[in-house]
Amino acid sequence: MKEFLIIGCRIQICRRAVLVALVVGTLLNLINHYDVALGAVVDIEKAMQIVLTYLVPYFVSTHGQVVATIGDRNA
């Protein structure tokens, strides 16, 4: 677990994960919360949903990159 976190905090992995989160999160937010883009009121529940829509792709991307990095080292 410690190795996983160390690799996951590498700057190149974080940068790529942020880019993925921005692209995928924005697309998903436009699909799922288009009403906000059209001027709807944002309550705390919707704000949390929007934040999670960015966090999930970030963590999925980070996980995939770390697993690939560990797998490359063990091959």
Side-chain angles (χ1 to χ4, degrees):
M1 181 69 164
K2 183 177 177 182
E3 179 185 23
F4 194 94
L5 292 173
I6 290 170
I7 294 171
C9 290
R10 289 183 184 169
I11 191 72
Q12 54 277 43
I13 288 178
C14 289
R15 276 193 198 138
R16 187 173 295 131
V18 166
L19 180 61
V20 168
L22 287 174
V23 172
V24 174
T26 300
L27 180 62
L28 289 173
N29 272 318
L30 287 173
I31 292 168
N32 295 322
H33 305 290
Y34 61 90
D35 56 331
V36 172
L38 297 176
V41 176
V42 179
D43 59 1
I44 189 70
E45 185 178 329
K46 185 155 305 227
M48 290 302 297
Q49 290 173 351
I50 290 170
V51 169
L52 285 173
T53 303
Y54 283 103
L55 286 178
V56 170
Y58 176 84
F59 288 121
V60 170
S61 175
T62 301
H63 179 268
Q65 292 179 79
V66 171
V67 168
T69 301
I70 291 172
D72 288 345
R73 262 195 317 189
N74 293 336

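For the atom pair CG (Leu5) and OG1 (Thr62), the distance works out to 11.0 Å, reported to the nearest 0.5 Å. We find the CG-CD distance between Leu28 and Gln49 to be 12.5 Å, quoted to the nearest 0.5 Å. The CG atom of Leu27 sits 11.0 Å away from the OG1 atom of Thr53 when rounded to the nearest 0.5 Å. Note that CD1 of Ile50 and NE2 of His33 are 5.5 Å apart. Values are rounded to the nearest 0.5 Å. With rounding to the nearest 0.5 angstrom, the CD1 atom of Ile6 is 7.5 Å from the CD atom of Glu3. Between the CD1 atom of Ile7 and the CD atom of Gln12 there is a distance of 10.5 Å, given to the nearest 0.5 Å.
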Decide yes or no on side chain to side chain contact (heavy atoms under 4.5 Å, CB included) for Ile13 and Thr69, but give the supporting numbers first. CA-CA 10 Å; Ile13 288 178; Thr69 301; 4.2 Å; yes
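Annotation for Gly8 and Cys14: closest pair O-SG, 3.5 Å, computed over non-hydrogen atoms. A pairwise comparison of heavy atoms in Ala17 and Gln65 identifies N-NE2, 3.7 Å as the closest pair.
Tracing side-chain contacts under 4.5 Å through hydrophobic residues (I, L, V, M, F, W, Y), one never reaches Tyr54 starting from Leu19; they form parts of separate clusters. Phe59 is connected to Leu52 through a chain of hydrophobic side-chain contacts under 4.5 Å among Ile, Leu, Val, Met, Phe, Trp and Tyr, so both are in one cluster. In terms of hydrophobic clustering, with Ile, Leu, Val, Met, Phe, Trp and Tyr side chains grouped at heavy-atom distances under 4.5 Å, Leu22 and Val51 are assigned to a common cluster. Under the 4.5 Å side-chain heavy-atom criterion for ILVMFWY residues, no single connected hydrophobic cluster contains both Tyr58 and Val23.
Atom CD1 of Ile44 has 12 or fewer heavy atoms from other residues, nucleotides or ligands within 6.0 Å.
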